[in-house]
2 protein chains.
Amino acid sequence: MEGAIDSSQSRPPVKPQGAVQLQRASQPLHPRQGRRPVKLSDVAAVAGVAPMTVSRVLNAPERVTAATAQRVRAAIEQLGYVPNLVAGGLSSRRTRMVAAIVPTMAHPMFAELVQNFTDVLRAQGYEVMLSLSGYDTMSEAALVRAVLSRRPDALLLAGARHDAPTRQMLADAAIPVVEVFDVARRPIDMLVGVDHAAVGTAVAAYFRAKGHSLFAVFAASDTRARLRGEAFAQAARRGGGTVLAETVIPAPSTIAAGRTALRALLPVLTQAVLTQAGAPSGTQAGPGANGPAVALFCSSDLVAFGALAEARANGVAVPERLAVCGFGDFELSAASEPPFTTVSVEGARIGRHAATFLLDRLDGVEDVRRVQVPFRIVERASS
Amino acid sequence: MEGAIDSSQSRPPVKPQGAVQLQRASQPLHPRQGRRPVKLSDVAAVAGVAPMTVSRVLNAPERVTAATAQRVRAAIEQLGYVPNLVAGGLSSRRTRMVAAIVPTMAHPMFAELVQNFTDVLRAQGYEVMLSLSGYDTMSEAALVRAVLSRRPDALLLAGARHDAPTRQMLADAAIPVVEVFDVARRPIDMLVGVDHAAVGTAVAAYFRAKGHSLFAVFAASDTRARLRGEAFAQAARRGGGTVLAETVIPAPSTIAAGRTALRALLPVLTQAVLTQAGAPSGTQAGPGANGPAVALFCSSDLVAFGALAEARANGVAVPERLAVCGFGDFELSAASEPPFTTVSVEGARIGRHAATFLLDRLDGVEDVRRVQVPFRIVERASS
DNA sequence: GTGAAAGCGCTAACAG
DNA sequence: CTGTTAGCGCTTTCAC
């Protein structure tokens with residue numbers, strides 16, 4: 001089913017052309033003597049002002065006469081001057097850089113979060129330095145250390161479980177820190193949280209309201225997914241339900257993992273359905289009716305998508321025999337066949353909140369702020 | 001079909017607790033007098049050596065006696081010293097930072113590219129500073145300028161169409177630059193290319209070999225997607241085929257856009273099928289047979305996925321009446337129903353190549369290197 | 001193998 | 001509004 005036609009363009013590499021290439025790049029628009037990089041004082045000399053004035057034109061234009069600024073800008077243009085923020089950062093102790101440590105960008109929510117975080121900060125003149133912790137082999141402490149050695153003005157950290165050395169470093173750094181996408185009993189500083197346990201509980205409640213009493217959960221092995229999964233299972237049991245399976249999926253979540261997990265569940269699933277109700281397959285388990293369907297909560301939409309695909313392949317009717325709820329509200333969830341129910345958390349909102357919190361603190365507002373971002377269950381045909 | 005149950009946890013924000021919070025973070029493991037940040041000379045003083053020696057322990061341990069190094073490391077540990085790479089960078093003119101400018105991380109190929117690029121570089125002591133250009137309102141020149149002002153030691157740039165000011169800045173920066181994922185008639189420096197026109201041509205050839213003579217293409221409005229789409233259409237016509245539609249999709253590509261595009265194509269599609277062959281729907285258009293099916297090339301797997309979903313919803317048989325090929329080899333393409341044919345380019349490979357090129361140059365190898373990365377058509381049930 | 005002196009390119013702080 | 005002076009914290013370079 002998956003032949004591969006190789007139309008490779010494996011041409012041999014173009015012949016090396018020597019590094020001279022770089023030097024003779026397009027006709028220098030503004031020929032400069034020698035290779036010496038242009039610096040602030042060069043601009044100052046050309047403009048006939050003091051270096052400090054050039055600095056002001058760049059960082060506080062309102063403190064300079066329009067005429068002077070004009071001359072300086074002309075010189076900047078003429079020389080092709082690119083400011084050195086490394087030097088500026090050392091001198092001012094402000095790098096105008098905010099670090100963000102998130103596990104992955106593969107998850108649309110994080111992608112959205114980072115995107116919005118970046119947008120808000122960039123508008124205020126800050127650049128975002130992104131670090132992905134998810135794939136990394138480094139310990140979190142090592143990562144945080146590496147990040148802090150670049151002296152960011154502030155830091156966003158996804159997750160809120162941090163070991164003592166990490167917390168110590170963060171405290172010593174004495175910069176605003178915002179933890180996001182998690183709950184923390186004792187946040188390091190500011191927090192834009194998502195109550196993952198509440199998500200699991202809410203999904204269980206949702207399924208119970210629909211009349212389900214048989215449950216299953218596929219949860220990735222990361223902290224927050226587990227939290228959701230465990231809360232789901234616990235709430236399901238507390239409500240008198242039976243949890244047929246709590247499958248742990250190795251992170252990161254994939255569609256393939258969802259398929260596999262469902263395949264393993266297939267016998268249990270079928271048997272349970274028969275045992276409990278004996279209803280002919282295809283019977284509608286309407287909301288409120290104590291139907292025979294198993295209610296499955298997946299810790300990621302990717303997993304849910306895979307599970308649905310496998311269910312379809314095996315003739316398991318959805319939602320009649322298997323009801324599914326995912327997490328993340330990926331675009332996928334609406335386009336899937338059938339579209340499936342999922343939990344939506346607005347990454348955009350988290351990102352904007354987090355950025356605003358940090359900016360306020362950088363502006364001198366001393367409040368330590370914390371919010372809990374809401375989530376909602378988006379109901380679709382799978383449940 | 002899409003009710004939304006709101007189980008918001010819109011609790012009021014936890015009450016502000018004052019910024020003191022940060023200061024009294026977990027019992028300081030290593031109490032330090034005052035708040036003054038620890039610097040190299042502090043470590044030196046504690047270890048009883050010159051600052052330079054501490055620097056050596058950190059950057060060239062082999063040039064220091066084991067015993068001395070031991071004492072220094074103890075002092076570092078004791079003081080919780082975090083080196084200041086901003087100062088180090090200014091002094092040494094090496095920031096140990098490599099910048100990467102890519103349009104998006106939403107595309108798995110770029111995600112993979114960046115991931116591998118980062119891995120290879122990190123192993124050699126470089127950090128990657130990532131900038132997403134795709135969403136950005138800034139001009140490319142402005143973005144590059146902002147990036148260069150942080151003085152990266154090297155730069156990766158996705159795409160190879162750059163305006164004069166950008167090229168000038170890059171040349172002036174005098175750092176290794178690698179352009180990726182594009183062809184360039186005149187690369188700035190090094191190149192790890194993908195021949196997008198060749199992709200379009202190859203897909204057209206593939207469809208023709210399967211006996212198709214009716215074609216359509218959905219291409220996003222970004223440069224490279226267009227290149228693929230145009231080459232596809234051109235090759236299709238050159239082969240004597242008819243191109244029923246060349247739909248431009250506003251970037252970024254989404255599943256929804258794919259659905260919409262197919263919906264618009266529906267009348268044309270149906271009519272064309274009837275006109276050309278009059279074959280009863282459902283007839284198998286086998287490879288080599290001059291079947292009635294329309295062969296659709298989508299510039300992204302997301303678009304292809306959407307198109308397939310819409311086709312299914314409208315009872316268009318795949319591949320009997322509509323053959324589909326995507327681009328990107330997203331995980332989606334294999335999990336879709338039916339799984340669909342797509343073009344695979346290994347982002348991982350591009351990332352590793354690019355990193356290696358840059359590292360070599362940073363190590364003093366002067367060769368300007370260029371490679372073309374191969375692609376392949378992964379055949380699945382949709383064609 | 002270790003140390004002392006002299007900046008890296010910019011901006012804070014204070015004058016004028 | 002503009003200029004001067006003195007570093008920011010580290011590494012280069014050269015002594016010892």
Side-chain angles (χ1 to χ4, degrees), chain A residues 35-73 75-76 79-97 125 148-153 172-174, chain B residues 35-73 75-76 79-97 125 148-153 172-174:
Chain A
R35 288 272 84 216
R36 195 172 54 75
V38 181
K39 50 192 189 189
L40 193 81
S41 55
D42 297 329
V43 175
V46 169
V49 298
M52 197 51 225
T53 302
V54 178
S55 174
R56 289 206 183 92
V57 170
L58 260 18
N59 303 313
E62 71 282 2
R63 316 194 63 186
V64 172
T65 321
T68 313
Q70 195 46 55
R71 279 207 334 274
V72 170
R73 269 190 253 278
I76 288 176
L79 297 175
Y81 171 62
V82 176
N84 184 336
L85 260 42
V86 178
L90 176 59
S91 181
S92 68
R93 290 129 174 272
R94 298 188 53 224
T95 53
R96 309 193 140 279
M97 217 186 62
L148 288 181
S149 56
R150 307 267 172 200
R151 297 294 187 269
D153 291 341
D172 287 352
Chain B
R35 287 270 84 216
R36 196 174 53 75
V38 181
K39 50 193 188 189
L40 194 79
S41 55
D42 297 330
V43 175
V46 170
V49 297
M52 199 49 229
T53 301
V54 178
S55 173
R56 289 207 183 89
V57 170
L58 258 19
N59 303 314
E62 70 281 3
R63 317 192 65 188
V64 171
T65 321
T68 314
Q70 196 44 56
R71 280 209 332 274
V72 170
R73 268 190 254 279
I76 288 175
L79 297 174
Y81 172 62
V82 176
N84 184 336
L85 258 42
V86 177
L90 175 60
S91 182
S92 67
R93 289 127 174 272
R94 299 186 52 225
T95 51
R96 309 194 141 276
M97 216 186 63
L148 287 181
S149 53
R150 303 245 121 103
R151 295 295 187 269
D153 291 340
D172 287 353

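Residue numbering restarts at 1 for every chain, and letters A, B, ... go by the order of the sequence lines. Heavy-atom basis, side chains included; hydrogens, waters and symmetry copies ignored.
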Margin query: Within the 4.0 Å limit for protein heavy atoms, which parts of nucleotides 2-12 of chain D are touched? Write it as a string from 5' to 3', B for base, S for sugar-phosphate only, - for none.
Written below: BBB--BBBBBB

Name each donor-acceptor pair under 3.5 Å that joins a side chain in residues 45-58 of chain B to protein atoms two or more places apart or in another chain, with its distance.
none

Would you list the atom pairs, donor with acceptor, under 3.5 Å between side chains in residues 82-89 of chain B and any protein atom, with sequence neighbours excluded?
unit_1 : atom_1 : unit_2 : atom_2 : d
N84(B) : OD1    : V86(B) : N      : 2.8
N84(B) : OD1    : A87(B) : N      : 3.1

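Under the 3.5 Å distance criterion, the side-chain polar atoms of R151(A) are matched with a main-chain donor or acceptor of L148(A). Looking only at distances, no side-chain donor or acceptor of T65(B) sits under 3.5 Å from a matching main-chain atom of A67(B).
Between the CG atom of D42(A) and the C1' atom of dC10(C) there is a distance of 13 Å, given to the nearest Å.
Here the CZ-CG distance, from R94(B) to N59(B), works out to 9.0 Å after rounding to the nearest 0.5 Å.
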